[in-house]
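Note sheet for the following structure.
Lettering of chains follows the sequences in order, A, B, ..., and the numbering in each one begins at 1. Computed from a predicted model, the values in this text were never measured in an experiment.
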Protein chains: 2
Amino acid sequence: MNRPPPRPASPSPTFSPLYRQIKDLILASLEAGEWGPGDAIPSESELAQRFGVSQGTVRKAIDEMAADNLLVRRQGKGTFVATHNDPRSFFRFLRLAANDGDLPPSRSVPLECWRARAGADVARTLGLEPGASIIILRRVLYFGDKPVVFDELYLPAELFPDFSMDVLNANDESLYSLFEGRYGVRMIRADERLRAVSADRVSAAALSVAEGSPLLLVERVAFTYGDKPVEWRRGFYSTENHHYHNELG
Amino acid sequence: MNRPPPRPASPSPTFSPLYRQIKDLILASLEAGEWGPGDAIPSESELAQRFGVSQGTVRKAIDEMAADNLLVRRQGKGTFVATHNDPRSFFRFLRLAANDGDLPPSRSVPLECWRARAGADVARTLGLEPGASIIILRRVLYFGDKPVVFDELYLPAELFPDFSMDVLNANDESLYSLFEGRYGVRMIRADERLRAVSADRVSAAALSVAEGSPLLLVERVAFTYGDKPVEWRRGFYSTENHHYHNELG
DNA sequence: CAGTGGTCTAGACCACCTC
DNA sequence: AGGTGGTCTAGACCACTGA
């Protein structure tokens, strides 16, 4: 590599270190689908050669992307595109634990699914035009034979063309796995807002609790690449035998 | 530095990279109080010389500790021991936000504070002998003139010798600031468990809500160096105008 | 065995802060 | 000007994987 002159070329206001530019390039390849979820990406030395930088610089870019849960490093094997298929990553987006520490296997049961027009609030949250076509899904998550979470989801219909009860019933993978595999929509991060509310008739029935019981309401906006919001979700958690677990670092 | 033989000496089962050993050494100095909260630690090159390793290795150790929020790097100035005095870090342990996004200044009002003997549950949670002396504190956190959080805290009395209402009233810094400054107990991380409950008479009165209203119950165990539990806390959050905010990465 | 990521070093230079 | 952390490089060697 020829050393002088150095890369950035702009001294201060728009300065971005080389490794971050490399990160953006890898990110663009990810977004473009050059490597699919679960695939290995090229080795560090190969990427270094491709981008004309040292291996250490590629390494630092990948370090950040691994910290962001976009890539997974496996010593001796390679670096892989993160995927929601991995059962270990199931609880990354479901911060639920049993009070006695023993969580039986979960089962997701879809209740209804239909298309509608986005109201003002959904449109604002998902960055759509008011009146855009959306999908609404209701489902219940069981642990063992106990209903624990009653979810209502809002999705931009454009991104999930053939989404339906039939598709859901034909796939028992996690929802984010399905989104990623069938529609190429990968959830990267999410914001959640938690409140305590009283169970209304619908959620009380879905969770087999008395109307008026306290429920934990978890509102989530999930984002894909480029911080684009692609899911809005309201989950009612029955917290008699379970709780929402969070670690403050 | 003499290169061969390399440091670790043990091939596989207890292998720990050099930078992690350096991290442990710096951690020990932190724990021993060699540098207090807010102080600058020695420069990277100085530490490299002290430990007989390269600057890059010290750098990687400090990188991890900065990621753990134990140290704060400031380009051009140095690396500093993290502190709870920093008002920006106040919300690191209080994931609270207003529904309309506008949070007025907060005010913590202590209600009562007394000493007691640890019951089985407190003893287990804090790693104490049953019957050990503990401190119990009740307080209310206001935002503007609205009571939002009613807290009950359990502390090992041994670590907070002269803790009392008087001490609280004489200091208007945050609780963790006080713990760190006055007692040398630095909170590093915490586990929280969230549930929805109905307001009992005590918490309803403290938060000016109707008895039976849904409240968000946040149970926290906070840890200091060495993952030693030093605080157990039950907070009742009124979530009519506020919510608990969490980011899933 | 070859290939991958993981560690460690040494040295150069840049960006930022303070005096 | 001199110190700090921040970036980038080049090369060596280690640890792990799988053929």
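- Considering only residues two or more places apart in sequence or on other chains, B:Arg233 meets the side chain to side chain contact (heavy atoms under 4.5 Å, CB included) condition with B:Arg139, B:Asp151, B:Leu153, B:Leu175, B:Tyr176, B:Arg220, B:Glu231.
- Nucleotide C:dC14 holds its P atom 11 Å from the CZ atom of A:Phe15, rounded to whole Å.
- Applying the ring-ring contact (aromatic ring centres under 6.0 Å, His included) test to B:Tyr19 and every residue at least two apart in sequence or in another chain returns nothing.
- Residues B:Leu159 and B:Thr224 form no side-chain contact, since every pair of their non-hydrogen atoms from C-beta on lies 4.5 Å or further apart.
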Per-pair distances, 0.1 Å, donor-acceptor, side chain in residues 31-40 of chain A, under 3.5 Å, sequence neighbours excluded:
{"from": "A:Glu34", "atom 1": "OE1", "to": "A:Ser29", "atom 2": "OG", "distance (Å)": "3.0"}
{"from": "A:Glu34", "atom 1": "OE2", "to": "A:Arg50", "atom 2": "NH1", "distance (Å)": "3.3"}
{"from": "A:Asp39", "atom 1": "OD2", "to": "A:Gly36", "atom 2": "N", "distance (Å)": "2.9"}

Side-chain donor/acceptor pairs under 3.5 Å, residues 71-78 of chain B, sequence neighbours excluded:
{"from": "B:Arg73", "atom 1": "NH1", "to": "B:Asp63", "atom 2": "OD1", "distance (Å)": "2.5"}
{"from": "B:Arg73", "atom 1": "NH2", "to": "B:Glu44", "atom 2": "OE2", "distance (Å)": "2.2"}

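- A:Ala98 meets the side chain to side chain contact (heavy atoms under 4.5 Å, CB included) test with A:Asp100, A:Leu103, A:His242; sequence neighbours excluded.
- Atom-to-atom, CD1 of B:Ile22 to P of C:dT7 comes out at 14 Å; the value is rounded to the nearest Å.
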Every protein N/O within reach of nucleotides 4-6 of chain C N/O, cut-off under 3.5 Å:
{"from": "C:dT4", "atom 1": "O2", "to": "A:Gly76", "atom 2": "N", "distance (Å)": "3.3"}
{"from": "C:dG5", "atom 1": "OP1", "to": "A:Thr79", "atom 2": "OG1", "distance (Å)": "3.4"}
{"from": "C:dG5", "atom 1": "OP2", "to": "A:Glu44", "atom 2": "N", "distance (Å)": "3.0"}
{"from": "C:dG6", "atom 1": "OP2", "to": "A:Arg59", "atom 2": "NH1", "distance (Å)": "3.2"}
{"from": "C:dG6", "atom 1": "OP2", "to": "A:Arg59", "atom 2": "NH2", "distance (Å)": "2.7"}
{"from": "C:dG6", "atom 1": "OP2", "to": "A:Arg73", "atom 2": "NE", "distance (Å)": "3.4"}
{"from": "C:dG6", "atom 1": "OP2", "to": "A:Arg73", "atom 2": "NH1", "distance (Å)": "2.8"}

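- Applying the side chain to side chain donor-acceptor pair (under 3.5 Å) rule to B:Lys23 yields the partners B:Glu64, B:Asp68; only residues at least two apart in sequence or on another chain are considered.
- Annotation: the terminal axes of the helix from C:dC1-D:dG18 to C:dT18-D:dA1 meet at 10°, where each axis is the rotation carrying the C1' atoms of four end pairs onto the next four (5 pairs per end, rounded to 10°).
- When the P atom of D:dT4 is taken as reference, atom CG of B:Leu47 falls 11 Å away, rounded to whole Å.
- For the pair A:Gln21 CD and D:dT7 P, the computed distance is 12 Å after rounding to whole Å.
- Evaluation of the ring-ring contact (aromatic ring centres under 6.0 Å, His included) rule for A:Phe91 yields no partner, not counting sequence neighbours.
- The interatomic distance linking A:Phe80 (CZ) with D:dT17 (C1') rounds to 10 Å, in whole Å.
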